[in-house]
Amino acid sequence: MLAHPLKIVAGLLAAGLLACAPAHAANGNASASLKNIKFQLIDLDLTDNISPSIDFFSTSASGYLSFFSSDPGIDETGYSNRFETVNKPFTYGGASTHNGPTSMRSDMHIDTPLPVWTSFVSTNQRLHFTLSPSTRLLFSAEAEVFVQDNGIKDTAANATLGGGFETTIDGVRGYESFSTTLSTNAGARSELLQGVLDTGSAIGTGVLAAGTSASFYTDQNTSPVPEPETYGMLLAGLLVLGGVARSKRRDQARQA
């Protein structure tokens with residue numbers, strides 16, 4: 001038995017409308033990590049009878065996790081203020097941070113149908129120190145970053161090491177610093193990050209910093225343009241519908 005023409009029309013129109021519906025779904029995973037964070041001291045003057053030394057007089061660690069969308073009004077955040085691991089579930093995914101003495105990591109997973117939203121996760125450490133004269137400080141860590149996404153407008157994962165210090169020699173103030181970053185917008189990367197600070201004949205006072213972050217942002221507020229095949233299905237449905245209407249009018253005219 002042949003299907004009723006109206007059922008054919010309904011099927012064609014439904015398929016066409018589904019194909020035209022905006023596809024707002026976006027999903028992805030991102031992470032950034034620093035492992036084997038360490039420092040090494042090198043004596044630059046073997047004749048001054050001063051052994052290389054470093055004194056960390058203040059340390060801090062923090063983490064931040066967030067998912068925000070103005071429509072439908074979602075604002076979810078999480079915080080960390082010490083060396084710890086924090087997991088934060090979101091309505092459409094989740095994130096985690098880890099801060100440890102020798103490692104740190106930011107992770108995020110998103111799966112959302114929302115058209116406009118942002119998500120961000122980060123970890124940070126700051127180590128304030130004094131460094132002996134004529135000493136080289138090597139600061140290093142193994143960095144890894146990763147991004148995999150589908151339907152997300154802007155993505156990024158970053159791992160950073162930095163540092164700086166100042167010294168005063170004969171009334172002259174000097175400053176030295178470094179910063180190095182590994183980042184990606186797609187795929188995975190790994191690299192050994194490192195920086196160097198050298199003191200002269202005076203004690204140096206400064207800070208070492210390390211951080212990881214991952215961020216997603218999307219703005220899909222425009223409907224996709226239907227493919228030619230979609231227009232074909234809609235047109236076929238309208239033609240069948242017109243044929244059914246004409247057939248009904250002919251039947252009614254014969255019965256009159």
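Only heavy atoms go into these numbers, but all of them, side chains included; no hydrogens, no water, no symmetry mates.
Cluster membership for Ile54 and Val196, using ILVMFWY side-chain heavy atoms within less than 4.5 angstrom, is not shared. Hydrophobic clustering of Ile, Leu, Val, Met, Phe, Trp and Tyr side chains at less than 4.5 Å, counting indirect connections, keeps Phe120 apart from Met108. Linking Ile, Leu, Val, Met, Phe, Trp and Tyr residues whenever their side-chain heavy atoms come within less than 4.5 Å leaves Ile42 and Leu208 in two separate clusters.
Within a 6.0 Å radius of CD1 in Ile203, no more than 12 heavy atoms belonging to other residues, nucleotides or ligands are found.
Between Ser66 and Glu76, the side chains place no donor N or O within less than 3.5 Å of an acceptor N or O (distance only, hydrogens not considered). Side-chain polar atoms of Thr59 and His128 form no donor-acceptor pair below 3.5 angstrom. Ser122 and Ser213 share no donor-acceptor pair across their side chains, judged by distance under 3.5 Å alone.
Residues Tyr64 and Tyr79 bring their aromatic ring centres within 6.0 Å.
By the 4.5 Å heavy-atom criterion applied to side chains, His109 and Asp107 are not counted as neighbours. Contact annotation: the side chain of Thr180 never approaches that of Thr160 to less than 4.5 Å [non-hydrogen atoms, C-beta and beyond].
Between Phe56 and Phe39, the ring planes lie perpendicular to each other; the angle is over 60°, past the 30° to 60° tilted range. In this structure, Trp117 and Phe216 have perpendicular ring planes: the angle between them is above 60°, well past the 30° mark.
Within the model, atoms OG of Ser134 and CG of Asp45 stand 4.5 Å from one another, a figure rounded to the nearest 0.5 Å. Between atom CG of residue Asn29 and atom CD of residue Gln148 there is a gap of 5.0 Å, rounded to the nearest 0.5 Å.
Between Glu144 and Lys35, at least one side-chain nitrogen of the basic residue sits less than 4.0 Å from a carboxylate oxygen of the acidic one, meeting the salt-bridge criterion.
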